[in-house]
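Just below is one structure, and these are the notes that go with it.
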Protein chains: 2
Amino acid sequence: MRVTIRQIAEESGVSRGTVDRVLNNRGKVRPEVEERVRKVAEELGYKPNLLGRALIKMKENIKIGVILQDTGTPYLKTLSDGIKKAKGEVEDFGGTVIVKAVDYGNVEQTLAAMNKLKEAGIKGLVLMPINDKRVLQKIDQFTEEYGISVVTVNADVEDTKRICFVGQNSVQSGRAAAGLMHDILREEEGTIAVISGIETNTSLSDRIYGFCDEMKKISPKTEILDTKYCFEDDLIAAHLTESILNRYEDLSAIYITCHGEKGVCDTLRKHKKMKKVTIIACDLSRQNYRYLKNGDIKYLIGQDGRYQGYEAVMTLYRLLFNDEPPKKEHKYTDIIVKTKYNI
Amino acid sequence: MRVTIRQIAEESGVSRGTVDRVLNNRGKVRPEVEERVRKVAEELGYKPNLLGRALIKMKENIKIGVILQDTGTPYLKTLSDGIKKAKGEVEDFGGTVIVKAVDYGNVEQTLAAMNKLKEAGIKGLVLMPINDKRVLQKIDQFTEEYGISVVTVNADVEDTKRICFVGQNSVQSGRAAAGLMHDILREEEGTIAVISGIETNTSLSDRIYGFCDEMKKISPKTEILDTKYCFEDDLIAAHLTESILNRYEDLSAIYITCHGEKGVCDTLRKHKKMKKVTIIACDLSRQNYRYLKNGDIKYLIGQDGRYQGYEAVMTLYRLLFNDEPPKKEHKYTDIIVKTKYNI
DNA sequence: CTGAAAGCGCTTACAG
DNA sequence: CTGAAAGCGCTTACAG
């Protein structure tokens, strides 16, 4: 049977309250008593039972807020799924998780949602952040002024007081795409287009940085066109692809960091360029699995959104319920390579 | 604030004990009372707080046993890590996890360990199984006679009463290897050697089955040699490779399902065949990452051992502590493809 | 500086 | 068939 606080109390001839004071460094204990209690605890190999502690935390009704940007992408769906799973577990243990969605990249709504959640009394916030000054400032205000711990998910914002980031190492994801791209194209020259979603998402801009930087190294003669933004929209992606194809007839490849693959593929097919242009994309979606299978997309460089959502909430849970701070500032999830063979 | 059993009791004018009897179907409640309580619980949206329940379960001091075969492989290390992590969490909540190691493929030791753990009073067992009749029978005896739930990890044994398997879909892993192998070799003819670990590990034999079956489909003219077994040992693997190279000078590729990659690579290098022979292996180890980087190994088709170990123990935890049976009989983990670019 | 009591939500005997 | 009490391990006021 495990050692309890009661056994330590009996063994060292004090009350349970005193043992609690010693073991949790609440002070107000005579040094010699403190020493005795510590020694007994040590000898008996005491490890606190989290259940007892959690039962009390419950009285506080700890609330965790979540703010997601509604990109309408399959990735967001998996992220939400993970958050829902965590919400279930947290609420099983008497906590509350409040999820709010804002429009993609909408700073005003994000700030408003943050204020609302603060009013609701959250102790921690999971934020899919926008790389905007006001949002960054708000994160620091949450942390320092309100004592609300912030965990960023999906995209990170460095130089803020957020306690932890859960997501992909996006620069590395871009590099992986570059390596595979080079592997396929082989020839030394060629033109590659990059289509992204929105400028204020660091997750996407980091991928682009990694991709371009690595390509420059391993394939210096390849020309990489300026990034175009499709806002995760197939129609816009189609238009962009159209105008790229018009200008660059000998296009070798397209790197898509975001949603909008259908617009790209449709346009390529229309121009009968599907075979000529190699596509590497990112979203692990059903649609893209079909494209992988029929060969339209060569590789997907993806991430486990479900795990990210789950882990972001649980990181705060562990901090707020068990006083267990995150071990690392960056919780990077695997860079997942999908070919037609491991869907 | 969340609804508690006390609120339901007050609302429906009965005691908490009666509410408990109704909500947990313990019977012995007057139908009209039962109905009233259920209705109130429904209206208030009651969800049991697992903390209260868990605190009581603790009195039972639930024990979970784990039996691993000590293959000495890096994979086993990651599996153990995951189990240790789960052990920590289970013990935080007042349970006990007892881990036993047996020699690789040793049936006697496995049976002995199972008996020992049964004597120790475990309520659940995580087993890395051996595909041997006596072990299979013992699993069923555990389940049916002793009421000890068994979860298999790493390798599965179908047709037993084990409640769940956590691990890779090994057949599919073999197929993925075949697909990639075909992609590289391209030419229609060729000879491929298969090196495995031990015959009684279904995880390995399933990979071989998947690999051969898929190759037959997509590349029917390729010759696949009979599987050789190296017992996860580099020296034996080296000898096997030696004799294969002597007989088949034009060998195209080697598929290694197990540990022993160093033996294979050393021998190939000695024979100056490294460039000619494509290697696909499975273990996600540091050693293999080096081989990936320098190009000796082309792909790794791996699995997340840490997660598997963790999840196997936690599956039993959820069952034994929260009465939450596993949702699926097969908890397949991702088939991870590593190239030199996403290590 | 220290102890005794109350309580978190739930379940388990026990008494009626 | 039902209720009142005790208790799981821990922390939190409160009283001294």
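By convention in this document, chain letters (A, B, ...) are assigned in the order of the sequence lines, proteins followed by strands, and residues within each chain are numbered from 1. The structure displayed is predicted, hence computed values, not measured ones.
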Looking only at side-chain atoms of [X], point me to the closest of [options].
{"X": "B:R53", "options": "C:dC10, D:dT2, C:dG3", "result": "C:dC10"}
{"X": "A:R16", "options": "D:dC8, D:dC1, D:dC10", "result": "D:dC10"}
{"X": "B:S15", "options": "C:dC10, D:dG3, C:dG9", "result": "D:dG3"}

> On DNA chain D, nearest-nucleotide positions of B:P31 versus A:G17: which is more 5'?
Replying inline: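 Whichever sits nearer the 5' end wins; that is B:P31.
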Rounded to whole Å, please give me the gap between [atom1] in [X] and [atom2] in [N].
{"X": "B:R21", "N": "C:dG9", "atom1": "CZ", "atom2": "P", "value": "20 Å"}
{"X": "B:K59", "N": "C:dT11", "atom1": "NZ", "atom2": "C1'", "value": "7 Å"}
{"X": "B:D92", "N": "D:dG9", "atom1": "CG", "atom2": "C1'", "value": "13 Å"}
{"X": "A:L55", "N": "D:dC10", "atom1": "CG", "atom2": "C1'", "value": "8 Å"}
{"X": "A:M58", "N": "C:dC10", "atom1": "CE", "atom2": "C1'", "value": "10 Å"}
{"X": "A:D20", "N": "D:dA13", "atom1": "CG", "atom2": "C1'", "value": "12 Å"}
{"X": "A:F93", "N": "C:dC10", "atom1": "CZ", "atom2": "P", "value": "13 Å"}
{"X": "A:L50", "N": "C:dC8", "atom1": "CG", "atom2": "C1'", "value": "15 Å"}

Considering every strand and a 4.0 Å limit on heavy-atom distances, what is the contact class for [X]: base, sugar-phosphate, or nothing?
{"X": "A:N49", "answer": "sugar-phosphate"}
{"X": "A:I56", "answer": "base"}
{"X": "A:Y46", "answer": "sugar-phosphate"}

Between [X] and [Y], does any side-chain N to carboxylate O distance fall below 4.0 Å?
{"X": "B:E35", "Y": "B:K39", "answer": "no"}
{"X": "B:K87", "Y": "B:E91", "answer": "yes"}
{"X": "A:K85", "Y": "A:D81", "answer": "no"}
{"X": "A:E34", "Y": "A:R21", "answer": "no"}
{"X": "B:E329", "Y": "B:R162", "answer": "yes"}

> Taking the nucleotide of DNA chain C with the closest heavy atom to each, which residue, A:G52 or A:T18, is nearer the 5' end?
Replying inline: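 Result: A:T18.
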>> Given A:T333, which partner from the list A:Q308, A:Q303, A:Q168 fulfils the side-chain hydrogen bond (donor to acceptor under 3.5 Å, both in side chains) test?
In response: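 Going through the options one by one, the only one that passes is A:Q308.
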> With a 3.5 Å cut-off and just heavy-atom distances, do the side chain of A:R6 and the base of D:dG7 make a donor-acceptor pair?
Replying inline: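 By the distance-only test, no, there is no pair.
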> Between B:F142 and B:L125, what is the shortest heavy-atom contact and its length?
Replying inline: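 Minimum heavy-atom separation between B:F142 and B:L125: CE2-CD2, 4.0 Å.
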>> Side-chain N or O of A:R30 versus OP1/OP2 of C:dT2: is the shortest distance under 4.0 Å?
In response: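 Indeed, a polar side-chain atom of A:R30 lies that close.
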>> Give me the stems containing DNA chain D, sorted by first residue, counting only three or more consecutive Watson-Crick or G-U pairs with both distances under 3.5 Å; say none if there aren't any.
In response: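 Detected stem regions: C:1-3 with D:14-16, C:5-12 with D:5-12, C:14-16 with D:1-3.
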>> Using the rule side-chain contact (heavy atoms from CB on, under 4.5 Å), only one of B:V40, B:T4, B:V14 pairs with B:V19; which is it?
In response: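 Among B:V40, B:T4, B:V14, the one that satisfies the side-chain contact (heavy atoms from CB on, under 4.5 Å) with B:V19 is B:V14.
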